[in-house]
Structures are given as structure tokens and as C-alpha cells.
Amino acid sequence: MRIVDVCEITQPIASPIRNAYIDFTKMTTSLVAVVTDVVRDGRRVVGYGFNSNGRYGQGGLIRERFRDRILEAAPESLRDDARDNLDPGKVWAAMMRNEKPGGHGERSVAVGTLDMAVWDAVAKIEGKPLFRLLAERHGREADPRVFVYAAGGYYYPGKENGALRAEMRGYLDRGYNVVKMKIGGASVAEDRARIEAVLAEIGSEARLAVDANGRFDLETAIAHAKMLRDYPLFWYEEAGDPLDYALQAALAEFYPNPMATGENLFSHQDARNLLRYGGMRPDRDWLQFDCALSYGLVEYLRTLEVLRQFGWSPSRCIPHGGHQMSLNIAAGLGLGGNESYPDLFQPYGGFPDGVRVEDGHITMPDLPGIGFEGKSDLIKVMRELAE
Ligand SMILES: O=C([O-])CC(=O)C(=O)O
Ligand SMILES: [Mg+2]
């Protein structure tokens with residue numbers, strides 16, 4: 001058993017939307033395939049992965065370093081002999097050979113993308129859904145029913161509050177009961193009016209989360225906290241710079257309601273610093289680390305161990321990114337749920353065909369691997385890469 005090829009193509013996921021920090025008019029993703037020599041059900045096993053929105057495609061790093069390290073490793077050094085499979089931890093170690101610690105830059109995205117494809121292949125080789133494999137290996141019971149919320153509410157040229165309300169109504173109609181919108185890309189007064197418009201629309205049918213995308217300095221973050229605490233929000237996300245733990249900690253004094261952050265922390269060491277210094281509260285706050293941006297599931301397992309050491313439950317994690325990899329981790333390892341972007345970043349985000357949101361939850365179908373084969377528009381572009 002061996003990996004015979006690693007393929008990458010950088011694809012557009014562009015959209016004319018903007019948050020408080022960036023627009024998505026040039027956004028790309030890396031689609032990768034890890035091709036094995038294993039055959040299951042008459043078909044060669046190929047694992048697939050891609051990176052989440054917000055960071056760009058990683059073709060340069062993958063082609064210059066990580067692909068070759070996998071292909072040049074002795075095949076037996078990547079195997080899980082006890083299970084007659086590939087060992088994701090060993091593939092990870094091969095990729096990270098000769099990489100210094102710290103300063104994670106974008107290599108965590110390149111490695112996270114490839115790691116996703118490795119886990120997809122491993123679960124396909126075992127012939128079971130990744131979430132069931134994870135639950136088994138960690139002595140847990142899988143729960144295929146996963147909470148999902150609808151992320152959107154972006155700034156968009158000419159978008160009035162009426163359009164924002166209609167967008168949110170559309171998410172409710174599709175079965176969501178938590179929706180998210182952007183803040184911080186307009187004045188406090190304008191954002192207050194946007195929030196009130198959405199709250200008037202959703203009433204008691206749903207809760208609203210808001211996301212500032214790390215835009216605010218301490219003073220502005222506090223000014224917004226004082227405005228936002230008037231409303232029963234689901235969470236106040238990424239108020240300040242993701243690495244400014246002192247800002248996050250100070251904010252808790254002004255904002256007693258739930259906060260969320262972590263999508264731009266890319267290692268278990270950064271996650272540990274957040275828990276050590278960020279003043280996050282395990283009884284109400286949410287952690288959004290996204291394995292596809294942060295060295296993959298091999299690293300995410302280390303992050304979950306850090307959480308355990310600091311007294312946090314995995315159920316406080318609702319990852320960023322809206323991909324099926326995190327849905328599997330949620331169903332297999334007991335996370336609190338997952339993000340989804342009902343109208344954005346297609347065909348990469350979302351659920352297998354036929355999966356519906358009901359009462360804010362989806363139920364994972366029993367598909368081998370991550371489940372990409374169940375999403376026809378996605379598996380079509382994947383197979384064009386490697387099959
Ligand atoms: O707008 C973005 O960069 C995406 C984001 O923060 C989120 O999904 O929470
Ligand atoms: Mg966010």
C-alpha cells in the first residue's frame with residue numbers, strides 16, 4: 001500500500017462580497033488529490049481535500065515542498081501496519097520534516113489541505129464514513145446529527161437592509177435556526193440598524209451571531225460590545241486581531257454574553273495561548289479553529305487535547321469553514337456543530353445531495369470517506385483532477 005501521486009489545482013471561489021477586512025473578488029482554493037495504489041469496490045482509492053475560504057490556494061507550497069516530501073518518503077514509513085492502512089500522523093510527520101516551529105504562515109493551510117485528503121483516503125480504505133472511523137478510534141459513539149448555522153450577511157455593493165432581511169429569511173426557510181452576519185465594515189450606527197433589521201426579520205424563529213473579522217482595536221471593540229450587549233446575540237465573533245489575546249481578555253469585562261474566535265489561529269500552540277491568555281470562558285464562549293487552515297486533523301487532535309487540559313469540552317467548538325471535513329469531526333468527536341455558507345463558495349462547501357437542514361441540524365449520510373462522493377457537483381471537479 002502506498003501513495004503514488006499527489007495532485008493540486010488552484011481554483012477560483014471568487015464572490016463580490018466583503019467582510020470588515022477583505023473582499024472575496026480574487027479568492028481561490030487549492031483542490032488536492034492523494035492517489036493510492038489501493039482498490040476498493042473496483043475503483044482506485046483517491047483521497048480529496050481543499051482549503052477553506054479566507055486563505056488563498058497553496059499550489060506553490062504544495063508543489064515546492066509538501067508533495068515531494070510525501071512522494072519521497074519510504075512507503076513503509078507512512079503505513080499503519082496494524083490496520084493495513086496509511087497512517088495520517090506519519091504522513092503529517094513526513095510533510096513537516098525540516099520545518100522549524102512557530103511562525104505558521106501559510107504552510108498550515110497547505111498541510112491542512114493535504115491532511116484532509118489523507119483522512120479521506122484512510123476512511124475509504126477502511127470502507128466507512130470518516131466520522132464513524134474517528135468515533136471508533138477514540139472510543140466514542142458517533143452522533144450523525146450535527147448542529148449547523150448559516151453564515152452570510154456580507155457587505156455587498158448596493159445591498160440594503162431589505163436584501164439582508166431577505167437573505168436571512170431564506171436561511172430560515174431552509175431550516176436553519178442560527179444565522180450570522182458581518183459587522184465592522186460600516187459605522188456603529190449603521191451596523192446597529194443592520195442588526196435591528198435582521199432581528200426584526202427573524203424574531204423568535206432564530207438567533208443571530210455577528211462577526212467583525214478581527215477588524216477592531218480595543219477601543220472600537222469595546223464600543224461595539226456596549227452596543228451589541230443590548231441584543232440577545234448568539235455570539236460576538238473575532239472582535240480584534242486574532243493574536244491579540246489581551247484585547248480578547250479585556251473585552252470580557254464589557255461583554256458578558258457569548259463570544260467566539262479562533263478561525264485564524266493555525267496551530268495547537270496558538271490555541272493554547274488563546275486559552276491561557278485570551279480570557280475565553282468555557283461555560284459560554286465558542287472556539288472556531290478550522291483544521292483545513294491549521295495543519296489538518298492530525299493537528300486538530302492535538303488542539304482538542306489542549307482543550308481537555310484547560311477544562312474545555314469539545315462541544316464548545318464550532319469550526320469555521322463550512323466543509324464536510326469538520327462535519328465528520330463534529331459527528332465523530334462530539335464538537336458543538338459546524339458553520340455552513342448556504343449560498344457561497346460552491347461547489348466546495350455544503351452537504352451531500354439530499355441532506356436537508358431540519359431544526360438547525362443535518363444528519364450525516366453513511367458514505368465512505370469524508371462523503372465528497374455524495375455531492376455531485378463537487379465530486380465532478382475532484383474526479384477531473386485525478387481520476
Ligand atoms: O468572511 C470570512 O472571512 C469568513 C468568516 O469569517 C467566517 O466564516 O466566520
Ligand atoms: Mg469569522
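Start at 1 and go down the list; that is how both ligands and their atoms are numbered.
Remark: E141 CD is loosely packed, at most 12 non-hydrogen atoms of other residues, nucleotides or ligands lying under 6.0 Å away.
Under the 30°/60° scheme for interplanar angles, the aromatic rings of F24 and F345 are found to be tilted. Ring pair H323/F50 is perpendicular by interplanar angle, where above 60° counts as perpendicular and below 30° as parallel.
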Every pair of nitrogen or oxygen atoms between ligand 1 and the protein that is under 3.5 angstrom apart - can you list them with their distances to 0.1 Å?
from: ligand 1; atom 1: 1 (O); to: N19; atom 2: ND2; distance (Å): 2.9
from: ligand 1; atom 1: 1 (O); to: Y154; atom 2: OH; distance (Å): 2.8
from: ligand 1; atom 1: 1 (O); to: K182; atom 2: NZ; distance (Å): 3.0
from: ligand 1; atom 1: 3 (O); to: N19; atom 2: ND2; distance (Å): 3.1
from: ligand 1; atom 1: 3 (O); to: N213; atom 2: ND2; distance (Å): 3.4
from: ligand 1; atom 1: 6 (O); to: K182; atom 2: NZ; distance (Å): 3.2
from: ligand 1; atom 1: 6 (O); to: D211; atom 2: OD2; distance (Å): 2.9
from: ligand 1; atom 1: 6 (O); to: N213; atom 2: ND2; distance (Å): 2.8
from: ligand 1; atom 1: 6 (O); to: E263; atom 2: OE1; distance (Å): 3.1
from: ligand 1; atom 1: 6 (O); to: E263; atom 2: OE2; distance (Å): 3.0
from: ligand 1; atom 1: 8 (O); to: E339; atom 2: OE1; distance (Å): 3.1
from: ligand 1; atom 1: 8 (O); to: E339; atom 2: OE2; distance (Å): 2.5
from: ligand 1; atom 1: 8 (O); to: Y341; atom 2: OH; distance (Å): 2.5
from: ligand 1; atom 1: 9 (O); to: K180; atom 2: NZ; distance (Å): 2.7
from: ligand 1; atom 1: 9 (O); to: D211; atom 2: OD2; distance (Å): 3.0
from: ligand 1; atom 1: 9 (O); to: E237; atom 2: OE2; distance (Å): 2.9
from: ligand 1; atom 1: 9 (O); to: E263; atom 2: OE1; distance (Å): 2.9

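Through direct or relayed side-chain contacts under 4.5 Å between Ile, Leu, Val, Met, Phe, Trp and Tyr, W286 connects to F147, Y149, V178, F234, W235, I318.
Each protein N/O/S atom under 2.8 Å from the Mg ion (ligand 2) was counted, for a total of 3.
By the 4.0 Å N-to-carboxylate-O rule, E72 lies too far from R67 to be salt-bridged with it. Salt bridge annotation for D230-R192: present, with a cationic side-chain nitrogen under 4.0 angstrom from a carboxylate oxygen.
Y176 and E358 share no side-chain donor-acceptor pair at under 3.5 Å.
In terms of the salt bridge (Lys or Arg N to Asp or Glu O under 4.0 Å) criterion, R229 has no residue partners (sequence neighbours excluded).
Judged purely by atom type and a 3.5 angstrom limit, R44 uses its side chain to pair as donor or acceptor with the backbone of T36.
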